[in-house]
Amino acid sequence: MRPGLFVTFEGPEGAGKSTQLARLAQRLAETGRPPVTTREPGGTPLGMRVREVLLDPALTIDPLPEFLLYSASRAQLVRDVIRPALAAGQVVLCDRYADSSLAYQGSGRGLDPAFLAALTGEVTGGLQPDLTILLDLDPALGLARAASRGQPDRLERADLTFHRRVRHGFLDLAAQAPERFLVLDAARDPDSLAADIWRAVQKRLRAEMC
Ligand code: TYD
């Protein structure tokens, strides 16, 4: 049995994560390894309900309960979807994961990173991605892209300084774990981004076979 491969996509709003995830999924399927694709918050019946709460612009949610709700969705997703798929040797592509909590609730909202890391360790049982694609983008650009897609959700309504802290939070996380992160400028042409992502995934898949 081949071991699985866990790949996450991270970045600020409107960076094109979902598009690149879909392109990678198609590429993997074409090479005979269709992945399991999922996202946070969401990916399970519980996660989808929690997602509605988290993105509802009518609600005011304090930073701590916000983090706990993301964590609730994550705990169920790891248990029901990600771990079983990896145990079956599959490739798992996840649109956002624990790094989003460290960037949004940590750097963005100001919760203590040590507390976030400790609780996330419990929530995920220590499961870390093998590869994290960080699509980096100036939040002013990303929010404009996201706004063109429709009404902003609760997080997209947060001010630009919040989103700037989130962006720098992601870049700091990448600097701390350069072997796990591939940082790409999301303003680049989507075809060349997809090519770079595919190269990085192929490298990991080859390493997994050895
Ligand atoms: P989504 O519509 O999936 O946004 P995107 O397409 O940008 O991923 O909404 C998820 C939102 O939740 C997004 O604004 C990032 C935020 N988020 C957190 O604040 N903390 C987290 O732990 C996660 C997973 C997401």
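Order of appearance sets the numbers: ligands from 1, and atoms from 1 within every ligand. By convention here, the first residue in the shown sequence is residue 1. Side-chain atoms are counted along with the backbone in the values below, which use heavy atoms only and exclude waters and symmetry mates.
Contact annotation for R74 and ligand 1: only side-chain heavy atoms (C-beta onward) come within less than 4.0 Å of the ligand. At a 4.0 Å heavy-atom cut-off, ligand 1 does not touch L54 at all.
For atom 14 (O) of ligand 1, the nearest non-hydrogen atom from the set R149, H163, E13 comes from E13.
Within 6.0 Å of CZ on R188 lie more than 12 heavy atoms contributed by other residues, nucleotides or ligands.
The protein non-hydrogen atom at the shortest distance from atom 7 (O) of ligand 1 is R96 NH2, 2.9 Å. Nearest to atom 19 (O) of ligand 1 among the protein's heavy atoms is Q105 NE2, 2.9 Å. With hydrogens left out, the protein atom closest to atom 1 (P) of ligand 1 is R51 NH2, 3.5 Å, a heavy atom. Considering only non-hydrogen protein atoms, atom 21 (C) of ligand 1 sits nearest to Y70 CD2, 3.4 Å. Atom 22 (O) of ligand 1 has S101 OG, 2.6 Å as its closest protein atom, hydrogens excluded (heavy atom only). Atom 6 (O) of ligand 1 has K17 NZ, 3.8 Å as its closest protein atom, hydrogens excluded (heavy atom only). In terms of protein heavy atoms, atom 10 (C) of ligand 1 is closest to P41 CD, 3.9 Å.
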- Evaluation steps, side chain to side chain donor-acceptor pair (under 3.5 Å), between R165 and S107: CA-CA 6 Å; R165 290 197 299 277; S107 306; over 6 Å; no
- Task: Walk me through it: do R79 and T44 pass the test side chain to side chain donor-acceptor pair (under 3.5 Å)?
- Result: CA-CA 10 Å; R79 198 191 112 108; T44 65; over 6 Å; no
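Below 3.5 Å of separation, one finds no N or O of E40 facing any N or O of ligand 1.
Here R109 does not pair with D62 in a salt bridge; the nearest charged N to carboxylate O distance is not below 4.0 Å.
Side chain of E156 to main chain of L143: no donor-acceptor pair is present (N/O by atom type, distance under 3.5 Å, no hydrogens or angles). Here the side chain of E10 pairs a donor or acceptor atom with the backbone of Y97 at under 3.5 angstrom. The closest donor-acceptor contact from the side chain of T132 to the backbone of F181 lies at 3.5 Å or more, if one exists at all. Between the side chain of R96 and the backbone N or O of S101 there is no donor-acceptor pair closer than 3.5 Å.
Less than 4.0 angstrom separates some heavy atom of L155 from each of these atoms of ligand 1: 14 (O), 16 (C), 19 (O).
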